[in-house]
Student: 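Let me give you the structure first, and then I'll get to my questions.
The sequence lines fix the lettering, A, B, ..., with proteins before strands; numbering per chain opens at 1. As a basis for the values below, the full set of heavy atoms in this structure was taken, side chains included, without hydrogen atoms, waters or symmetry mates.
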There are 2 protein chains.
Amino acid sequence: MASRTDTKTRILDAAEKLFAERGFSETSLRLITSKAEVNLASVNYHFGSKKELIRAVLARYLDVFMPSAAIEINRLHHAPEHASLNEIFSALIKPLLELNKVRNGGTIIFLQLLGRGYIESQGHLRWFITTHYGEHLATFVKAVAASAPHIPPAEMFWRLHFTLGTIVFTMASADALNEIAAADYGEHNNTEAIIRKVIPYMAAGVAVPVLTN
Amino acid sequence: MASRTDTKTRILDAAEKLFAERGFSETSLRLITSKAEVNLASVNYHFGSKKELIRAVLARYLDVFMPSAAIEINRLHHAPEHASLNEIFSALIKPLLELNKVRNGGTIIFLQLLGRGYIESQGHLRWFITTHYGEHLATFVKAVAASAPHIPPAEMFWRLHFTLGTIVFTMASADALNEIAAADYGEHNNTEAIIRKVIPYMAAGVAVPVLTN
DNA sequence: GATTAATTTAAACGGGTGTTTAAATTAAAT
DNA sequence: ATTTAATTTAAACACCCGTTTAAATTAATC
(Lines give C-alpha, C1' and ligand atoms only; values in the text may rest on other atoms or scores of the structure.)
Protein backbone atom coordinates (compact mmCIF):
# COMPACT_ATOMS: atom_id res chain seq x y z
CA MET A 1 0.00 0.00 0.00
CA ALA A 2 2.96 2.25 0.60
CA SER A 3 4.03 1.73 -2.99
CA ARG A 4 0.61 2.59 -4.42
CA THR A 5 0.32 6.05 -2.90
CA ASP A 6 3.97 6.56 -3.61
CA THR A 7 3.54 5.90 -7.31
CA LYS A 8 0.38 7.98 -7.43
CA THR A 9 2.12 10.86 -5.71
CA ARG A 10 5.17 10.63 -7.93
CA ILE A 11 2.92 10.85 -10.97
CA LEU A 12 0.95 13.81 -9.57
CA ASP A 13 4.12 15.65 -8.61
CA ALA A 14 5.74 15.22 -11.99
CA ALA A 15 2.53 15.91 -13.88
CA GLU A 16 1.61 19.17 -12.17
CA LYS A 17 5.05 20.63 -12.78
CA LEU A 18 5.02 19.73 -16.47
CA PHE A 19 1.38 20.70 -16.96
CA ALA A 20 2.04 24.13 -15.46
CA GLU A 21 5.15 24.66 -17.57
CA ARG A 22 4.00 23.42 -20.96
CA GLY A 23 0.25 22.95 -20.81
CA PHE A 24 -1.82 19.79 -20.71
CA SER A 25 -1.89 18.72 -24.32
CA GLU A 26 1.80 19.52 -24.79
CA THR A 27 2.71 17.17 -21.96
CA SER A 28 2.74 13.48 -22.87
CA LEU A 29 2.22 10.66 -20.43
CA ARG A 30 5.59 9.29 -21.47
CA LEU A 31 7.28 12.50 -20.39
CA ILE A 32 5.43 12.47 -17.08
CA THR A 33 6.19 8.84 -16.29
CA SER A 34 9.85 9.17 -17.23
CA LYS A 35 10.27 12.22 -14.96
CA ALA A 36 8.36 10.40 -12.22
CA GLU A 37 10.41 7.26 -12.83
CA VAL A 38 7.36 5.04 -12.99
CA ASN A 39 5.97 2.80 -15.69
CA LEU A 40 3.92 4.35 -18.48
CA ALA A 41 0.91 2.14 -17.83
CA SER A 42 0.70 3.12 -14.18
CA VAL A 43 -1.04 6.38 -15.10
CA ASN A 44 -3.93 4.54 -16.64
CA TYR A 45 -3.90 2.00 -13.84
CA HIS A 46 -4.11 4.60 -11.07
CA PHE A 47 -6.05 7.38 -12.76
CA GLY A 48 -7.88 5.72 -15.64
CA SER A 49 -7.01 8.27 -18.28
CA LYS A 50 -5.01 11.39 -18.92
CA LYS A 51 -8.10 13.55 -18.52
CA GLU A 52 -8.73 12.14 -15.05
CA LEU A 53 -5.09 12.70 -14.16
CA ILE A 54 -5.51 16.36 -15.07
CA ARG A 55 -8.56 16.57 -12.85
CA ALA A 56 -6.69 14.88 -9.99
CA VAL A 57 -3.81 17.32 -10.31
CA LEU A 58 -6.16 20.29 -10.15
CA ALA A 59 -8.27 18.82 -7.34
CA ARG A 60 -5.23 18.31 -5.15
CA TYR A 61 -4.68 22.06 -5.16
CA LEU A 62 -8.29 23.16 -5.15
CA ASP A 63 -9.06 20.95 -2.16
CA VAL A 64 -6.42 22.81 -0.18
CA PHE A 65 -6.96 26.29 -1.51
CA MET A 66 -10.73 26.61 -1.69
CA PRO A 67 -11.62 25.83 1.95
CA SER A 68 -8.69 27.86 3.19
CA ALA A 69 -9.73 30.81 1.03
CA ALA A 70 -13.34 30.55 2.15
CA ILE A 71 -12.26 30.63 5.80
CA GLU A 72 -10.24 33.78 5.25
CA ILE A 73 -13.07 35.46 3.37
CA ASN A 74 -15.57 34.52 6.04
CA ARG A 75 -13.30 35.91 8.70
CA LEU A 76 -13.38 39.23 6.86
CA HIS A 77 -17.07 39.10 6.16
CA HIS A 78 -18.04 38.55 9.75
CA ALA A 79 -16.02 41.53 10.89
CA PRO A 80 -18.10 44.54 11.92
CA GLU A 81 -16.90 46.99 9.33
CA HIS A 82 -17.15 46.10 5.66
CA ALA A 83 -13.85 45.04 4.23
CA SER A 84 -12.39 46.92 1.30
CA LEU A 85 -11.79 45.18 -2.00
CA ASN A 86 -8.08 45.37 -1.37
CA GLU A 87 -8.58 43.57 1.92
CA ILE A 88 -10.73 40.89 0.32
CA PHE A 89 -8.24 40.17 -2.42
CA SER A 90 -5.40 40.35 0.08
CA ALA A 91 -7.17 37.75 2.18
CA LEU A 92 -6.38 35.30 -0.61
CA ILE A 93 -2.65 35.85 -0.28
CA LYS A 94 -2.23 33.61 2.74
CA PRO A 95 -4.13 30.65 1.23
CA LEU A 96 -2.16 31.10 -1.98
CA LEU A 97 1.22 31.25 -0.28
CA GLU A 98 0.40 28.28 1.89
CA LEU A 99 0.45 26.24 -1.31
CA ASN A 100 4.16 26.99 -1.41
CA LYS A 101 4.56 25.01 1.79
CA VAL A 102 2.62 22.07 0.39
CA ARG A 103 5.05 21.93 -2.51
CA ASN A 104 7.93 24.03 -3.75
CA GLY A 105 6.55 26.66 -6.10
CA GLY A 106 3.04 25.47 -5.31
CA THR A 107 1.51 28.92 -5.53
CA ILE A 108 2.59 29.69 -9.05
CA ILE A 109 2.02 26.11 -10.18
CA PHE A 110 -1.57 26.32 -8.97
CA LEU A 111 -2.26 29.62 -10.69
CA GLN A 112 -0.63 28.45 -13.90
CA LEU A 113 -2.65 25.22 -13.85
CA LEU A 114 -5.77 27.30 -13.35
CA GLY A 115 -4.96 29.45 -16.34
CA ARG A 116 -4.02 26.52 -18.55
CA GLY A 117 -7.17 24.76 -17.54
CA TYR A 118 -9.46 27.66 -18.27
CA ILE A 119 -7.95 28.29 -21.67
CA GLU A 120 -7.28 24.77 -22.86
CA SER A 121 -10.39 23.02 -21.64
CA GLN A 122 -12.94 25.32 -23.27
CA GLY A 123 -15.30 25.54 -20.34
CA HIS A 124 -14.85 22.09 -18.80
CA LEU A 125 -12.76 23.44 -15.95
CA ARG A 126 -15.18 26.28 -15.33
CA TRP A 127 -17.95 23.71 -14.98
CA PHE A 128 -15.81 21.48 -12.78
CA ILE A 129 -14.91 24.28 -10.40
CA THR A 130 -18.36 25.79 -10.09
CA THR A 131 -20.00 22.43 -9.45
CA HIS A 132 -17.37 21.22 -6.98
CA TYR A 133 -16.51 24.43 -5.18
CA GLY A 134 -19.58 26.52 -5.86
CA GLU A 135 -20.29 27.35 -2.21
CA HIS A 136 -16.74 28.57 -1.68
CA LEU A 137 -16.90 30.69 -4.79
CA ALA A 138 -20.24 32.14 -3.75
CA THR A 139 -18.72 33.22 -0.44
CA PHE A 140 -16.04 35.10 -2.28
CA VAL A 141 -18.38 36.69 -4.81
CA LYS A 142 -20.76 37.78 -2.06
CA ALA A 143 -17.97 39.45 -0.15
CA VAL A 144 -16.76 41.29 -3.24
CA ALA A 145 -20.27 42.38 -4.13
CA ALA A 146 -20.86 43.71 -0.62
CA SER A 147 -17.67 45.75 -0.85
CA ALA A 148 -18.66 47.30 -4.16
CA PRO A 149 -22.44 47.73 -3.86
CA HIS A 150 -22.46 50.34 -6.62
CA ILE A 151 -21.61 47.66 -9.23
CA PRO A 152 -24.64 45.81 -10.67
CA PRO A 153 -24.45 42.01 -10.54
CA ALA A 154 -24.11 41.54 -14.29
CA GLU A 155 -21.30 44.06 -14.45
CA MET A 156 -19.65 42.39 -11.45
CA PHE A 157 -19.82 39.05 -13.24
CA TRP A 158 -17.76 40.43 -16.08
CA ARG A 159 -15.31 42.24 -13.84
CA LEU A 160 -14.60 39.17 -11.75
CA HIS A 161 -13.75 37.31 -14.90
CA PHE A 162 -11.54 40.19 -16.02
CA THR A 163 -9.85 39.72 -12.67
CA LEU A 164 -9.44 36.00 -13.16
CA GLY A 165 -7.87 36.71 -16.55
CA THR A 166 -5.50 39.24 -15.10
CA ILE A 167 -4.08 37.01 -12.39
CA VAL A 168 -4.06 33.85 -14.42
CA PHE A 169 -2.45 35.28 -17.55
CA THR A 170 0.10 37.09 -15.43
CA MET A 171 1.10 33.94 -13.64
CA ALA A 172 1.25 31.93 -16.84
CA SER A 173 3.80 34.44 -18.15
CA ALA A 174 5.37 35.21 -14.79
CA ASP A 175 8.76 33.67 -15.52
CA ALA A 176 9.13 35.44 -18.85
CA LEU A 177 7.93 38.75 -17.43
CA ASN A 178 10.29 38.47 -14.50
CA GLU A 179 13.23 37.99 -16.84
CA ILE A 180 12.31 41.09 -18.79
CA ALA A 181 11.70 43.11 -15.64
CA ALA A 182 15.08 42.04 -14.30
CA ALA A 183 16.86 42.95 -17.52
CA ASP A 184 15.10 46.26 -18.14
CA TYR A 185 14.48 47.56 -14.62
CA GLY A 186 16.72 45.52 -12.34
CA GLU A 187 13.65 44.16 -10.61
CA HIS A 188 13.53 40.70 -9.07
CA ASN A 189 10.06 39.68 -7.97
CA ASN A 190 9.00 36.43 -6.42
CA THR A 191 5.48 35.11 -6.69
CA GLU A 192 4.30 36.98 -3.62
CA ALA A 193 5.66 40.28 -4.93
CA ILE A 194 3.78 39.85 -8.19
CA ILE A 195 0.56 39.00 -6.36
CA ARG A 196 0.96 42.13 -4.23
CA LYS A 197 1.46 44.16 -7.39
CA VAL A 198 -1.62 42.83 -9.12
CA ILE A 199 -4.09 43.17 -6.26
CA PRO A 200 -4.41 46.99 -6.33
CA TYR A 201 -4.81 46.79 -10.10
CA MET A 202 -7.66 44.31 -9.83
CA ALA A 203 -9.32 46.05 -6.90
CA ALA A 204 -9.33 49.37 -8.72
CA GLY A 205 -10.78 47.78 -11.85
CA VAL A 206 -13.53 45.94 -10.03
CA ALA A 207 -14.64 49.04 -8.14
CA VAL A 208 -14.43 51.67 -10.86
CA PRO A 209 -17.82 53.35 -11.30
CA VAL A 210 -19.87 52.14 -14.24
CA LEU A 211 -19.98 54.69 -17.00
CA THR A 212 -23.49 55.98 -17.66
CA ASN A 213 -23.89 58.14 -20.72
CA MET B 1 -1.67 32.80 -60.15
CA ALA B 2 -5.27 33.29 -59.16
CA SER B 3 -5.32 29.75 -57.80
CA ARG B 4 -2.20 30.23 -55.74
CA THR B 5 -3.40 33.17 -53.73
CA ASP B 6 -6.78 31.53 -53.53
CA THR B 7 -5.39 28.40 -51.95
CA LYS B 8 -3.18 30.41 -49.64
CA THR B 9 -6.13 32.52 -48.54
CA ARG B 10 -8.38 29.54 -48.06
CA ILE B 11 -5.76 28.00 -45.78
CA LEU B 12 -5.26 31.21 -43.80
CA ASP B 13 -9.01 31.74 -43.40
CA ALA B 14 -9.63 28.21 -42.17
CA ALA B 15 -6.54 28.16 -39.99
CA GLU B 16 -7.16 31.41 -38.13
CA LYS B 17 -10.68 30.36 -37.21
CA LEU B 18 -9.58 26.98 -35.90
CA PHE B 19 -6.48 28.35 -34.19
CA ALA B 20 -8.59 30.93 -32.36
CA GLU B 21 -11.18 28.37 -31.31
CA ARG B 22 -8.98 25.46 -30.21
CA GLY B 23 -5.42 26.72 -30.01
CA PHE B 24 -2.46 26.05 -32.26
CA SER B 25 -1.29 22.66 -31.12
CA GLU B 26 -4.84 21.34 -30.87
CA THR B 27 -5.46 22.19 -34.52
CA SER B 28 -4.03 19.71 -37.00
CA LEU B 29 -3.09 20.53 -40.57
CA ARG B 30 -5.49 17.84 -41.68
CA LEU B 31 -8.36 19.62 -39.99
CA ILE B 32 -7.34 22.93 -41.52
CA THR B 33 -6.98 21.59 -45.03
CA SER B 34 -10.23 19.67 -44.89
CA LYS B 35 -12.13 22.77 -43.76
CA ALA B 36 -10.34 24.81 -46.41
CA GLU B 37 -11.01 22.10 -49.00
CA VAL B 38 -7.42 22.02 -50.18
CA ASN B 39 -4.83 19.30 -50.24
CA LEU B 40 -2.91 18.52 -47.08
CA ALA B 41 0.47 19.08 -48.69
CA SER B 42 -0.42 22.57 -49.87
CA VAL B 43 0.25 23.97 -46.41
CA ASN B 44 3.86 22.91 -46.55
CA TYR B 45 4.09 23.95 -50.19
CA HIS B 46 2.81 27.49 -49.58
CA PHE B 47 4.00 28.13 -46.03
CA GLY B 48 6.83 25.69 -45.47
CA SER B 49 5.71 24.45 -42.08
CA LYS B 50 2.96 24.69 -39.52
CA LYS B 51 4.98 27.13 -37.45
CA GLU B 52 5.31 29.48 -40.40
CA LEU B 53 1.60 29.18 -41.07
CA ILE B 54 0.93 30.31 -37.53
CA ARG B 55 3.20 33.29 -38.03
CA ALA B 56 1.47 34.14 -41.32
CA VAL B 57 -1.95 34.00 -39.68
CA LEU B 58 -0.84 36.37 -36.93
CA ALA B 59 1.02 38.69 -39.28
CA ARG B 60 -2.03 39.14 -41.49
CA TYR B 61 -3.83 40.69 -38.52
CA LEU B 62 -0.90 42.51 -36.95
CA ASP B 63 -0.03 44.17 -40.26
CA VAL B 64 -3.50 45.71 -40.33
CA PHE B 65 -3.96 46.43 -36.66
CA MET B 66 -0.60 47.80 -35.60
CA PRO B 67 -0.23 50.70 -38.06
CA SER B 68 -3.87 51.61 -37.64
CA ALA B 69 -3.54 51.61 -33.86
CA ALA B 70 -0.37 53.70 -34.00
CA ILE B 71 -2.12 56.29 -36.16
CA GLU B 72 -4.98 56.59 -33.70
CA ILE B 73 -2.63 56.86 -30.74
CA ASN B 74 -0.55 59.49 -32.48
CA ARG B 75 -3.64 61.46 -33.29
CA LEU B 76 -4.39 61.56 -29.57
CA HIS B 77 -0.85 62.27 -28.53
CA HIS B 78 -0.46 65.28 -30.80
CA ALA B 79 -3.61 66.85 -29.41
CA PRO B 80 -3.02 69.86 -27.14
CA GLU B 81 -4.47 68.45 -23.96
CA HIS B 82 -3.20 65.17 -22.60
CA ALA B 83 -5.51 62.28 -23.32
CA SER B 84 -6.92 60.27 -20.45
CA LEU B 85 -6.19 56.58 -20.13
CA ASN B 86 -9.77 55.85 -21.06
CA GLU B 87 -9.32 57.85 -24.24
CA ILE B 88 -6.08 56.09 -25.10
CA PHE B 89 -7.54 52.63 -24.64
CA SER B 90 -10.69 53.71 -26.45
CA ALA B 91 -8.58 54.83 -29.37
CA LEU B 92 -7.87 51.15 -29.97
CA ILE B 93 -11.54 50.33 -30.42
CA LYS B 94 -11.72 51.59 -33.99
CA PRO B 95 -8.63 49.67 -35.18
CA LEU B 96 -9.94 46.58 -33.41
CA LEU B 97 -13.43 46.80 -34.88
CA GLU B 98 -12.06 47.46 -38.35
CA LEU B 99 -10.75 43.92 -38.22
CA ASN B 100 -14.38 42.86 -38.26
CA LYS B 101 -14.71 44.37 -41.71
CA VAL B 102 -11.63 42.56 -42.97
CA ARG B 103 -13.20 39.27 -41.93
CA ASN B 104 -16.32 38.20 -40.07
CA GLY B 105 -15.50 38.04 -36.38
CA GLY B 106 -12.04 39.39 -37.13
CA THR B 107 -11.81 41.37 -33.92
CA ILE B 108 -12.36 38.50 -31.55
CA ILE B 109 -10.34 36.12 -33.70
CA PHE B 110 -7.38 38.49 -33.53
CA LEU B 111 -7.57 38.88 -29.76
CA GLN B 112 -7.99 35.17 -29.25
CA LEU B 113 -5.02 34.42 -31.49
CA LEU B 114 -2.99 36.91 -29.50
CA GLY B 115 -3.91 35.20 -26.25
CA ARG B 116 -3.28 31.71 -27.57
CA GLY B 117 0.02 32.85 -28.98
CA TYR B 118 1.23 34.43 -25.78
CA ILE B 119 0.34 31.44 -23.68
CA GLU B 120 1.23 28.58 -26.01
CA SER B 121 4.42 29.87 -27.52
CA GLN B 122 6.28 30.54 -24.26
CA GLY B 123 7.77 33.86 -25.28
CA HIS B 124 8.23 33.33 -29.02
CA LEU B 125 5.27 35.52 -29.87
CA ARG B 126 6.36 38.19 -27.43
CA TRP B 127 9.71 38.31 -29.17
CA PHE B 128 8.12 38.28 -32.62
CA ILE B 129 5.81 41.18 -31.83
CA THR B 130 8.36 43.37 -30.11
CA THR B 131 10.91 42.93 -32.88
CA HIS B 132 8.45 43.41 -35.73
CA TYR B 133 6.15 46.04 -34.28
CA GLY B 134 8.35 47.57 -31.60
CA GLU B 135 7.96 51.16 -32.80
CA HIS B 136 4.19 50.89 -32.80
CA LEU B 137 4.21 49.41 -29.33
CA ALA B 138 6.53 52.14 -28.09
CA THR B 139 4.10 54.77 -29.32
CA PHE B 140 1.35 53.19 -27.30
CA VAL B 141 3.42 52.72 -24.16
CA LYS B 142 4.66 56.31 -24.32
CA ALA B 143 1.12 57.63 -24.58
CA VAL B 144 -0.03 55.55 -21.63
CA ALA B 145 2.97 56.59 -19.55
CA ALA B 146 2.32 60.27 -20.29
CA SER B 147 -1.27 59.87 -19.14
CA ALA B 148 -0.25 58.25 -15.86
CA PRO B 149 2.97 60.04 -14.93
CA HIS B 150 2.61 59.03 -11.30
CA ILE B 151 3.32 55.40 -12.18
CA PRO B 152 7.03 54.45 -12.26
CA PRO B 153 8.20 52.72 -15.45
CA ALA B 154 8.80 49.36 -13.83
CA GLU B 155 5.35 49.37 -12.27
CA MET B 156 3.87 50.43 -15.60
CA PHE B 157 5.57 47.49 -17.29
CA TRP B 158 3.76 45.10 -15.00
CA ARG B 159 0.44 46.88 -15.24
CA LEU B 160 0.47 46.88 -19.02
CA HIS B 161 0.99 43.14 -18.96
CA PHE B 162 -1.83 42.80 -16.45
CA THR B 163 -3.87 44.69 -19.01
CA LEU B 164 -2.83 42.41 -21.82
CA GLY B 165 -3.82 39.44 -19.70
CA THR B 166 -7.18 40.93 -18.91
CA ILE B 167 -8.22 41.58 -22.48
CA VAL B 168 -6.71 38.46 -23.93
CA PHE B 169 -8.07 36.03 -21.36
CA THR B 170 -11.45 37.67 -21.56
CA MET B 171 -11.61 37.28 -25.31
CA ALA B 172 -10.39 33.70 -25.19
CA SER B 173 -13.33 32.91 -22.93
CA ALA B 174 -15.74 35.42 -24.48
CA ASP B 175 -18.10 32.88 -26.00
CA ALA B 176 -18.42 30.87 -22.80
CA LEU B 177 -18.80 34.01 -20.68
CA ASN B 178 -21.43 35.40 -23.00
CA GLU B 179 -23.47 32.23 -22.68
CA ILE B 180 -23.36 32.44 -18.89
CA ALA B 181 -24.16 36.13 -18.90
CA ALA B 182 -27.12 35.50 -21.17
CA ALA B 183 -28.43 32.68 -19.00
CA ASP B 184 -27.88 34.36 -15.64
CA TYR B 185 -28.50 38.03 -16.40
CA GLY B 186 -30.25 38.12 -19.76
CA GLU B 187 -27.31 40.00 -21.21
CA HIS B 188 -26.27 39.67 -24.84
CA ASN B 189 -22.96 41.35 -25.57
CA ASN B 190 -21.14 41.47 -28.86
CA THR B 191 -17.40 41.90 -29.08
CA GLU B 192 -17.60 45.68 -29.02
CA ALA B 193 -19.77 45.65 -25.89
CA ILE B 194 -17.24 43.50 -24.08
CA ILE B 195 -14.38 45.73 -25.15
CA ARG B 196 -16.26 48.75 -23.86
CA LYS B 197 -16.82 46.97 -20.56
CA VAL B 198 -13.19 46.06 -20.09
CA ILE B 199 -11.63 49.41 -20.92
CA PRO B 200 -12.71 51.24 -17.72
CA TYR B 201 -11.52 48.25 -15.71
CA MET B 202 -8.08 48.34 -17.31
CA ALA B 203 -7.77 52.11 -17.20
CA ALA B 204 -8.59 52.19 -13.49
CA GLY B 205 -6.08 49.43 -12.78
CA VAL B 206 -3.27 51.03 -14.72
CA ALA B 207 -3.73 54.41 -13.04
CA VAL B 208 -4.34 53.35 -9.44
CA PRO B 209 -1.76 55.01 -7.15
CA VAL B 210 1.14 52.79 -6.12
CA LEU B 211 0.87 51.79 -2.51
CA THR B 212 3.74 53.12 -0.39
CA ASN B 213 3.89 51.77 3.11
C1' DG C 1 1.29 24.80 -79.93
C1' DA C 2 5.43 23.29 -77.54
C1' DT C 3 8.07 24.05 -73.51
C1' DT C 4 8.80 25.42 -69.12
C1' DA C 5 7.32 26.59 -64.56
C1' DA C 6 3.96 26.52 -60.83
C1' DT C 7 0.67 24.10 -58.40
C1' DT C 8 -2.11 20.22 -56.90
C1' DT C 9 -2.55 15.56 -55.69
C1' DA C 10 -2.32 10.82 -53.54
C1' DA C 11 0.57 8.14 -51.07
C1' DA C 12 3.87 7.07 -48.00
C1' DC C 13 7.35 8.04 -44.18
C1' DG C 14 8.95 8.20 -39.58
C1' DG C 15 7.63 9.25 -35.24
C1' DG C 16 4.75 10.32 -31.20
C1' DT C 17 0.24 9.73 -28.83
C1' DG C 18 -3.11 7.57 -25.21
C1' DT C 19 -4.58 3.18 -24.10
C1' DT C 20 -4.81 -1.93 -23.51
C1' DT C 21 -3.13 -6.50 -22.68
C1' DA C 22 -1.27 -10.29 -20.37
C1' DA C 23 2.42 -11.91 -17.89
C1' DA C 24 5.58 -11.03 -13.91
C1' DT C 25 6.14 -9.32 -9.51
C1' DT C 26 5.03 -7.73 -4.97
C1' DA C 27 1.95 -7.27 -1.00
C1' DA C 28 -2.02 -8.83 1.90
C1' DA C 29 -5.03 -12.05 3.80
C1' DT C 30 -6.27 -16.57 5.16
C1' DA D 1 2.76 -21.27 3.79
C1' DT D 2 -0.62 -20.84 0.46
C1' DT D 3 -3.93 -18.37 -1.74
C1' DT D 4 -5.71 -14.13 -3.16
C1' DA D 5 -5.41 -9.44 -4.45
C1' DA D 6 -2.88 -5.36 -5.84
C1' DT D 7 0.62 -3.44 -8.45
C1' DT D 8 4.30 -3.13 -11.82
C1' DT D 9 6.17 -4.19 -16.14
C1' DA D 10 7.29 -4.72 -21.24
C1' DA D 11 5.13 -5.01 -25.35
C1' DA D 12 1.91 -4.12 -28.59
C1' DC D 13 -2.25 -1.73 -30.55
C1' DA D 14 -4.57 1.54 -33.25
C1' DC D 15 -4.48 6.13 -34.37
C1' DC D 16 -3.04 10.88 -35.44
C1' DC D 17 0.68 13.96 -36.37
C1' DG D 18 3.79 17.13 -39.56
C1' DT D 19 6.46 16.46 -43.44
C1' DT D 20 8.25 14.62 -47.86
C1' DT D 21 8.12 12.54 -52.35
C1' DA D 22 7.21 11.94 -57.03
C1' DA D 23 3.82 11.89 -60.39
C1' DA D 24 -0.27 14.32 -62.38
C1' DT D 25 -2.29 18.47 -63.51
C1' DT D 26 -2.76 23.28 -64.49
C1' DA D 27 -0.93 27.80 -65.79
C1' DA D 28 2.43 30.82 -67.95
C1' DT D 29 5.96 31.73 -71.33
C1' DC D 30 8.23 31.56 -75.64
Side-chain angles (χ1 to χ4, degrees), chain A residues 1-60 113 116-117 119-122 124-125 128, chain B residues 1-60 113 116-117 119-122 124-125 128:
Chain A
M1 180 129 195
S3 67
R4 167 172 52 186
T5 55
D6 194 50
T7 299
K8 259 179 129 167
T9 306
R10 294 176 71 84
I11 292 172
L12 288 169
D13 289 346
E16 68 172 31
K17 199 167 181 312
L18 293 166
F19 284 155
E21 282 171 2
R22 352 162 105 238
F24 301 111
S25 65
E26 301 276 7
T27 303
S28 71
L29 295 184
R30 282 169 177 81
L31 181 58
I32 293 171
T33 52
S34 76
K35 289 266 182 192
E37 293 178 304
V38 300
N39 187 273
L40 167 63
S42 58
V43 172
N44 289 281
Y45 176 77
H46 285 289
F47 296 95
S49 68
K50 184 181 182 181
K51 190 166 279 183
E52 292 176 73
L53 170 62
I54 293 173
R55 276 215 295 265
V57 165
L58 282 164
R60 197 163 63 143
L113 289 173
R116 302 272 186 198
I119 287 171
E120 276 193 41
S121 75
Q122 272 302 82
H124 289 179
L125 177 64
F128 177 74
Chain B
M1 180 130 195
S3 68
R4 166 171 51 185
T5 56
D6 194 51
T7 299
K8 257 179 131 167
T9 306
R10 294 176 72 83
I11 294 172
L12 287 169
D13 288 347
E16 68 172 32
K17 199 167 180 313
L18 293 166
F19 283 156
E21 282 171 2
R22 353 161 104 239
F24 300 112
S25 65
E26 300 276 9
T27 304
S28 69
L29 296 184
R30 281 169 177 82
L31 182 58
I32 293 171
T33 52
S34 76
K35 289 267 181 191
E37 292 178 307
V38 300
N39 188 273
L40 167 63
S42 58
V43 172
N44 290 281
Y45 177 77
H46 285 289
F47 297 94
S49 68
K50 184 180 182 181
K51 190 166 278 182
E52 291 176 74
L53 169 64
I54 294 174
R55 276 215 296 264
V57 165
L58 281 165
R60 196 163 63 143
L113 289 173
R116 300 274 186 199
I119 287 170
E120 276 193 39
S121 75
Q122 274 300 84
H124 290 176
L125 177 65
F128 177 75

Student: Would you confirm whether A/Arg10, through its side chain, and A/Ala36, through its main-chain N or O, come within 3.5 Å as a donor-acceptor pair?
Tutor: yes
Student: Figure out the CZ/P separation between B/Phe47 and D/dT19, and round it to whole Å.
Tutor: 13 Å
Student: Once you round it to whole Å, what is the distance between P of D/dT8 and NZ of A/Lys8?
Tutor: 11 Å
Student: Supply the atom-to-atom distance A/His124 NE2 to A/Lys51 NZ, rounded to the nearest 0.5 angstrom.
Tutor: 6.0 Å
Student: How long is the gap from CZ on A/Arg55 to NZ on A/Lys50, to the nearest 0.5 Å?
Tutor: 14.5 Å
Student: For B/Asn44 and C/dA6, what is the distance between atoms CG and C1' respectively, to the nearest whole Å?
Tutor: 17 Å
Student: Side-chain N or O of B/His46 versus OP1/OP2 of C/dA6: is the shortest distance under 4.0 Å?
Tutor: no
Student: Does A/Thr27 reach a base, just sugar-phosphate, or nothing at all? Heavy atoms under 4.0 Å.
Tutor: sugar-phosphate
Student: Would you give the length of the straight line joining atom CG of B/Leu58 to atom CZ of B/Arg116, rounded to the nearest 0.5 angstrom?
Tutor: 12.5 Å
Student: Would you please confirm or rule out a distance under 4.0 Å between OP1 or OP2 of D/dT7 and any side-chain N or O of A/Ser42?
Tutor: no
Student: For B/Leu40 and C/dC13, give me the distance from atom CG to atom P, rounded to whole Å.
Tutor: 16 Å
Student: Could you tell me how far apart B/Tyr45 (OH) and D/dT25 (P) are, to the nearest whole angstrom?
Tutor: 17 Å
Student: Give me the residues of residues 49-59 of chain A where at least one heavy atom lies under 4.0 Å from an atom of DNA chain C, by number, or none.
Tutor: A/Ser49, A/Lys50
Student: In this structure, how many angstroms lie between the C1' atom of D/dC16 and the CD atom of A/Glu26, rounded?
Tutor: 15 Å
Student: To the closest 0.5 Å, what do you measure between CG (B/Leu12) and OG1 (B/Thr7)?
Tutor: 11.0 Å
Student: Can you check whether A/Lys17 reaches A/Asp13 side chain to side chain, under 4.5 Å on heavy atoms?
Tutor: no
Student: Measure the spacing between CZ of A/Phe19 and CD1 of A/Ile32 and express it to the nearest 0.5 Å.
Tutor: 4.0 Å
Student: Can you check whether any acceptor in the base of C/dG16 is under 3.5 Å from a donor in the side chain of A/Arg30, or vice versa?
Tutor: no
Student: Distance check needed: D/dA10 P versus A/Glu37 CD, whole Å only.
Tutor: 13 Å
Student: Per the end-axis method with five pairs at each terminus, what is the bend angle of the helix from C/dG1-D/dC30 to C/dA29-D/dT2, to 10°?
Tutor: 10°
Student: Given atom CG of A/Asn39 and atom P of C/dA23, what is their separation to the nearest angstrom?
Tutor: 17 Å
Student: From C-beta outward on B/Leu29, which listed nucleotide comes closest to its side chain: D/dT7, D/dT20, D/dT19?
Tutor: D/dT19
Student: Within less than 4.0 Å of OP1 or OP2 of C/dT17, is there a side-chain N or O belonging to A/Ser28?
Tutor: yes
Student: Taking atom CG of B/Leu29 and atom CG of B/Leu40, what is their separation to the nearest 0.5 Å?
Tutor: 6.5 Å
Student: Look only at the side chain of B/Glu120 and the backbone of B/Phe24, and say whether a donor-acceptor pair between them is shorter than 3.5 Å.
Tutor: yes
